[in-house]
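One structure below.
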Amino acid sequence: MASQDWFDKDFYKVLGVSKDASDAELKKTYRKLARQFHPDSNPGDAAAESRFKEISEAYSVLSDKEQRQEYDQVRAMGSGARFTAGGPGQGGGFEDVFGGMFGQQGGGQRVRFGQGGAGGAGGFEDILGGMFGGGGAFGQSSGGYRGFGGPTKGRDVTASTTLDFGTAIAGDTVKLSQGNGRPVNVRIPAGVADGQKIRLRGRGEPSPDGGEAGDLVVQVSVRKHPVFERDGLNLRVDVPVTFTEAALGATIEVPTLGGSPVKLKVAPGTPSGRVLRVKGRGVTTKNGTGDLLATVQVAVPSHLSDKQREAVEALAAALPDENPREDLLAKARD
């Protein structure tokens, strides 16, 4: 930034804060204004873009301790002063003001503020930089001027983990290795799903210029369970029953994930594929709790003795002569 701009621009007014505003207050105000006037939020709005640059410029200076101190000193020095091109014998000129600072008299030898060449001293910015302990061009701290964009957010770091089905449902703390090789403990929330990404704010790379740290993004893979399958917040399980249990009715035990089995009543004449619901025994997340859905599967014996075969044939002869596929075939013809 050109040093003369610091005399003309009231960065506190740009951000709408007092001169004794804390770093936290500055940061909070800047974030609010930056979101409001960011070009992405105001496409094609030149006024908003200009305002965003002013806000970023002001925060860039005031958020840097050394630059803020220099800015306050320069503003205090220039407060109320008028810099004119006063001629011989006239007071109030630009050089008179600075001449007085270095012990010169208004009508005596004047201090010349030229644009010092490479390696040369005496330039306006070099002199002011030396007065305030800065090196090189005025308005730059040792960290350099960051420009209109404000502090840069640190880079995001990615990591991946594979969890057992039960761990994903219950949640756990796991140790991961980041892309830079450093281990980090990560809390996996209950109910995380296969393929889900977890973003941990501020756990990535630090900012190069004092801004926010990046995020840690964890890609989660979940191993399949031999019994249970996830369906949103619900858990599904296939439960085999015998022909007798399905035909005559029965009370059966159904497994739950990580708990004791529960008893369910199978009504007489229950067909294969009917779903029995156990409330509240599914997946629990901050968005709610699902149910356990038990699908009845009628198990057909694959090996029958001669006596058993005769009993089944006798049952078939005693049952009504009906075709359970008749309705299906009729619908298929429509």
Side-chain angles (χ1 to χ4, degrees), residues 1-42 45 47-79 128-129 131-159 173 178-180 182 184-187 189 197-218 286:
M1 179 197 306
S3 56
Q4 292 90 334
D5 289 349
W6 283 16
F7 288 106
D8 303 328
K9 295 183 179 180
D10 188 340
F11 292 145
Y12 293 102
K13 185 176 181 180
V14 170
L15 294 179
V17 297
S18 64
K19 292 183 179 180
D20 58 354
S22 65
D23 292 342
E25 184 179 354
L26 283 172
K27 189 173 185 179
K28 180 179 180 181
T29 303
Y30 167 71
R31 287 183 175 178
K32 178 181 179 181
L33 293 174
R35 283 195 297 267
Q36 180 180 353
F37 293 101
H38 196 283
D40 291 347
S41 302
N42 303 274
D45 190 337
E49 181 178 357
S50 177
R51 177 76 171 121
F52 177 75
K53 289 181 178 180
E54 291 179 352
I55 294 165
S56 299
E57 180 185 15
Y59 182 71
S60 176
V61 174
L62 298 184
S63 63
D64 186 295
K65 184 177 181 180
E66 293 181 5
Q67 289 199 62
R68 182 176 181 179
Q69 183 179 12
E70 292 179 10
Y71 173 75
D72 289 341
Q73 289 174 323
V74 170
R75 291 282 296 178
M77 178 182 66
S79 178
L128 291 185
M131 288 170 55
F132 299 112
F138 175 66
Q140 296 182 350
S141 68
S142 58
Y145 173 60
R146 290 186 292 265
F148 287 146
T152 305
K153 183 180 178 181
R155 292 186 304 174
D156 291 347
V157 174
T158 59
T173 298
Q178 301 184 47
N180 55 20
R182 292 182 301 179
V184 58
N185 290 326
V186 176
R187 175 63 188 173
K197 291 183 178 179
I198 301 174
R199 181 175 293 271
L200 303 175
R201 300 287 182 185
R203 300 288 293 276
E205 293 289 342
S207 167
D209 53 9
E212 291 184 82
D215 303 332
L216 173 61
V217 181
V218 181
K286 63 181 181 180

For the [atom1] atom of [X] and the [atom2] atom of [Y], what is their distance to the nearest 0.5 Å?
{"X": "D156", "Y": "R203", "atom1": "CG", "atom2": "CZ", "value": "13.5 Å"}
{"X": "H38", "Y": "L33", "atom1": "NE2", "atom2": "CG", "value": "13.0 Å"}
{"X": "Y71", "Y": "D10", "atom1": "OH", "atom2": "CG", "value": "4.5 Å"}

With the side chain counted from C-beta on, respond yes when [X] and [Y] share a heavy-atom pair under 4.5 Å apart, and no when they do not.
{"X": "V17", "Y": "E25", "value": "yes"}
{"X": "F11", "Y": "E57", "value": "yes"}
{"X": "V14", "Y": "R51", "value": "yes"}
{"X": "K19", "Y": "D72", "value": "no"}
{"X": "R187", "Y": "I198", "value": "no"}
{"X": "S50", "Y": "F37", "value": "no"}
{"X": "V186", "Y": "T173", "value": "no"}
{"X": "R35", "Y": "F52", "value": "no"}

>> Any salt bridge linking K9 with E54? Criterion: basic side-chain nitrogen under 4.0 Å from a carboxylate oxygen.
In response: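 Looking at E54 together with K9, the answer is no, because their closest N to O distance does not fall below 4.0 Å.
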> Under the side chain to side chain contact (heavy atoms under 4.5 Å, CB included) criterion, do Q36 and I55 qualify, and how do the steps go?
Replying inline: CA-CA 11 Å; Q36 180 180 353; I55 294 165; over 6 Å; no
Short question: side chain of [X], backbone of [Y] - any donor-acceptor pair under 3.5 Å?
{"X": "S207", "Y": "T152", "result": "yes"}
{"X": "D215", "Y": "V217", "result": "no"}
{"X": "Y30", "Y": "S60", "result": "no"}
{"X": "N42", "Y": "D45", "result": "no"}

> Going through the checks in order, is the salt bridge (charged side-chain N to carboxylate O under 4.0 Å, His left out) test met by E212 and R31?
Replying inline: CA-CA 11 Å; E212 291 184 82; R31 287 183 175 178; 3.0 Å; yes
>> For a quick test of reading the model, state the closest non-hydrogen atom pair linking G211 to P151 and the distance between them.
In response: CA-CB, 3.5 Å
> How far apart are the closest heavy atoms of A213 and G202, and which atoms are they?
Replying inline: CB-O, 3.8 Å
